[in-house]
There are 2 protein chains.
Amino acid sequence: MDSVAVENYLKSIWELGPDDVATQDLAQLLNVAPASATKMVQRLTERGLVKHIPYKGASLTSEGRRRALSVVRRHRLLETFLAQTLDLGREQLHDEAERLEHALSTELETAIANYLGNPERDPHGHPIPGPNGELLIDEDILLSDCSLNQSLVVTQVPDRDPNLLTWLEGNGIFPGTKLKIISRDDFGGGINVSLDDSSVQIAISVASEVYVILETD
Amino acid sequence: MDSVAVENYLKSIWELGPDDVATQDLAQLLNVAPASATKMVQRLTERGLVKHIPYKGASLTSEGRRRALSVVRRHRLLETFLAQTLDLGREQLHDEAERLEHALSTELETAIANYLGNPERDPHGHPIPGPNGELLIDEDILLSDCSLNQSLVVTQVPDRDPNLLTWLEGNGIFPGTKLKIISRDDFGGGINVSLDDSSVQIAISVASEVYVILETD
DNA sequence: TATAAAGTTTAGCCTTGGCTAAAAATATAA
DNA sequence: TTATATTTTTAGCCAAGGCTAAACTTTATA
Ligand SMILES: [Mn+2]
Ligand SMILES: [Mn+2]
Ligand SMILES: [Mn+2]
Ligand SMILES: [Mn+2]
């Protein structure tokens, strides 16, 4: 069984990947010093889970990817399970799952998946990898890349920052929300979107973490 | 925050206590070498969580006890939560809780407790400590210590051994079961109990892990 | 009561996963 | 194209939590 640290590194490399994951980015995501990340990347390379080209970057081997996706699956199943049973706010889920994901047996993972009816997405709209690492390919696009006046539906919101998530939620923006960009304020640094019965200004930095699809109906 | 190892040691000392916990017993319960247990007991003494009299035994300080009970609370809440939501068998609960107990925030602990309606006992009949370490005092007695033909109700079964638990369950013995000792077979090494519509022979070693009360009605 | 056995602690070692400071490589700018 | 920043790696250190083997206490036995 991989240690908590190993599981976190694999998942982070997956999140930053697929290729040339920079030591610095990895270190920052995991809150460790760059030297620590280098060392762990070397250990994982030794174990055959990572491929590392010094001074260039790291990437997962197929076994590394398999294990990373297993962690991601547990994480997203847990978020979904906690959201469904207890009712925690969407913004509380991530941090809990971040710790619980390392303590789930395969049996419990399966029991939770069955209980939930093998869901395809977690409460943030992120696809849940299958038990063998099958991952839905999303064809959604960034809100920040959309044109004016298209009818859009939110598919995914970021899950790491509780404050951001609370703000989005408070403005009615979460997976399933229908919206439309009504103007871009390039110098004001944001876009204006209209929802069913309100409108909000969203910073580009935020809009480039929200995924949407074109409304089809 | 205490590490996983520290939490496990504190909980184990509590389980073996309250006084003069032997190095060997601690080591065995935790699956480590006696020397490892000694060293950790010394570190915990240094931290003010344990009192250690060399060659005599270890015990918890009040702060150590507080933290141990916090782990026990999380463990038992988790067992109850898993039993209630997913339906795992009573024998699967313990091992899962054993790992999850270290990954629960206070917020999630509270959310689970509220969801469950602040239960007093877990699925094995073990009392769940309150959020500040208040612990119900049980006045139940060992099945192995009871006389013949008393009307008894099972209150607690052991939770560590899945096979034992499966056997008990299969014979209809779990918290709430009404039974009566109909004979003791001192040389056969067991007691015979009758249930509602069956009877079973139970080894003394098993009967001395099952708690009961006299039926009051 | 002397000796053997059992239990406990000490000594010394190891791996994991952190850290800082310095060196080396790569990227950027002058 | 050379000098400067930036990024990455190496070197050396540390604490936690394991281990085995040897020394020391305590307990049991003859
Ligand atoms: Mn998440
Ligand atoms: Mn998520
Ligand atoms: Mn248990
Ligand atoms: Mn229990």
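All values below were derived from every heavy atom in this structure, side-chain atoms included, with hydrogens, water molecules and symmetry-related copies excluded. Each chain gets a letter, A, B and so on, in the order the sequences are listed, and its residues count up from 1.
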> Quick one: salt bridge (charged side-chain N to carboxylate O under 4.0 Å, His left out) pairs with a partner in residues 123-142 of chain A, sequence neighbours left out?
Replying inline: A:Arg121-A:Asp138
Check the interface with nucleotides 27-29 of chain D: list each N/O to N/O pair with the protein under 3.5 Å, or write none.
none

>> Does A:Ala33 reach a base, just sugar-phosphate, or nothing at all? Heavy atoms under 4.0 Å.
In response: base
> If only side-chain N and O atoms of A:His52 are considered, is one of them under 4.0 Å from the OP1 or OP2 phosphate oxygen of D:dT8?
Replying inline: no
> So, B:Phe81 versus A:Phe81, ring centres under 6.0 angstrom or not?
Replying inline: yes
> Sequence neighbours excluded, which residues qualify as side-chain hydrogen bond (donor to acceptor under 3.5 Å, both in side chains) partners of A:Gln150?
Replying inline: none
Review item, side-chain donor-acceptor pairs of residues 71-78 of chain A, under 3.5 Å, at least two apart:
unit_1  : atom_1 : unit_2   : atom_2 : d
A:Arg73 : NE     : A:Glu109 : OE2    : 2.7
A:Arg73 : NH1    : A:Pro129 : O      : 2.9
A:Arg74 : NE     : A:Ser70  : O      : 3.3
A:Arg74 : NE     : A:Ser70  : OG     : 3.4
A:Arg74 : NH1    : A:Glu7   : OE1    : 3.4
A:Arg74 : NH1    : A:Glu7   : OE2    : 3.2
A:Arg74 : NH1    : A:Glu101 : O      : 2.9
A:Arg74 : NH2    : A:Glu7   : OE2    : 3.2
A:Arg74 : NH2    : A:Ser70  : OG     : 2.8
A:His75 : ND1    : A:Glu101 : OE1    : 2.8
A:His75 : NE2    : A:Glu79  : OE2    : 2.8
A:His75 : NE2    : A:His94  : ND1    : 3.1
A:Arg76 : NH1    : A:Pro127 : O      : 2.6

>> Test: salt bridge (charged side-chain N to carboxylate O under 4.0 Å, His left out). Region: residues 34-46 of chain A. Which pairs qualify, not counting sequence neighbours?
In response: none
> Does B:Glu120 have any salt bridge (charged side-chain N to carboxylate O under 4.0 Å, His left out) partners at least two apart in sequence or in another chain, and if so, which?
Replying inline: none
> Partners of B:Asp2 by salt bridge (charged side-chain N to carboxylate O under 4.0 Å, His left out), sequence neighbours excluded?
Replying inline: B:Arg47, B:Arg67
>> Measure CD/A:Gln28 against C1'/D:dT6 and give the value in whole Å, please.
In response: 15 Å
> In whole angstrom, what separates B:Leu26's CG from D:dG18's C1'?
Replying inline: 14 Å
>> In whole Å, I'd like the distance from the CG atom of B:Asp2 to the C1' atom of D:dG17.
In response: 15 Å
> Of the non-hydrogen atoms in B:Lys51 and B:Thr45, which two are nearest, and what is the gap between them?
Replying inline: C-OG1, 4.3 Å
> With nearest nucleotides of DNA chain C determined for B:Ala22 and A:Ala35 from heavy-atom distances, which residue corresponds to the more 5′ nucleotide?
Replying inline: B:Ala22
>> Going by the rule salt bridge (charged side-chain N to carboxylate O under 4.0 Å, His left out), which residues pair with B:Asp19 if we only count those two or more places apart in sequence or in a different chain?
In response: none
>> Please enumerate all residues that pass salt bridge (charged side-chain N to carboxylate O under 4.0 Å, His left out) together with B:Glu107, with sequence neighbours excluded.
In response: none
> For residues 36-47 of chain B, which residues have at least one heavy atom under 4.0 Å from DNA chain D?
Replying inline: B:Ser36, B:Lys39, B:Met40, B:Arg43
> Which is the 5'-most and which the 3'-most nucleotide of DNA chain C that has an atom under 4.0 Å from a heavy atom of chain A?
Replying inline: C:dG17 to C:dT26
>> Holding to ring pair (Phe, Tyr, Trp, His ring centres under 6.0 Å), I want the full list of residues that pass it with B:His126, two or more places apart in sequence or in another chain.
In response: B:His124
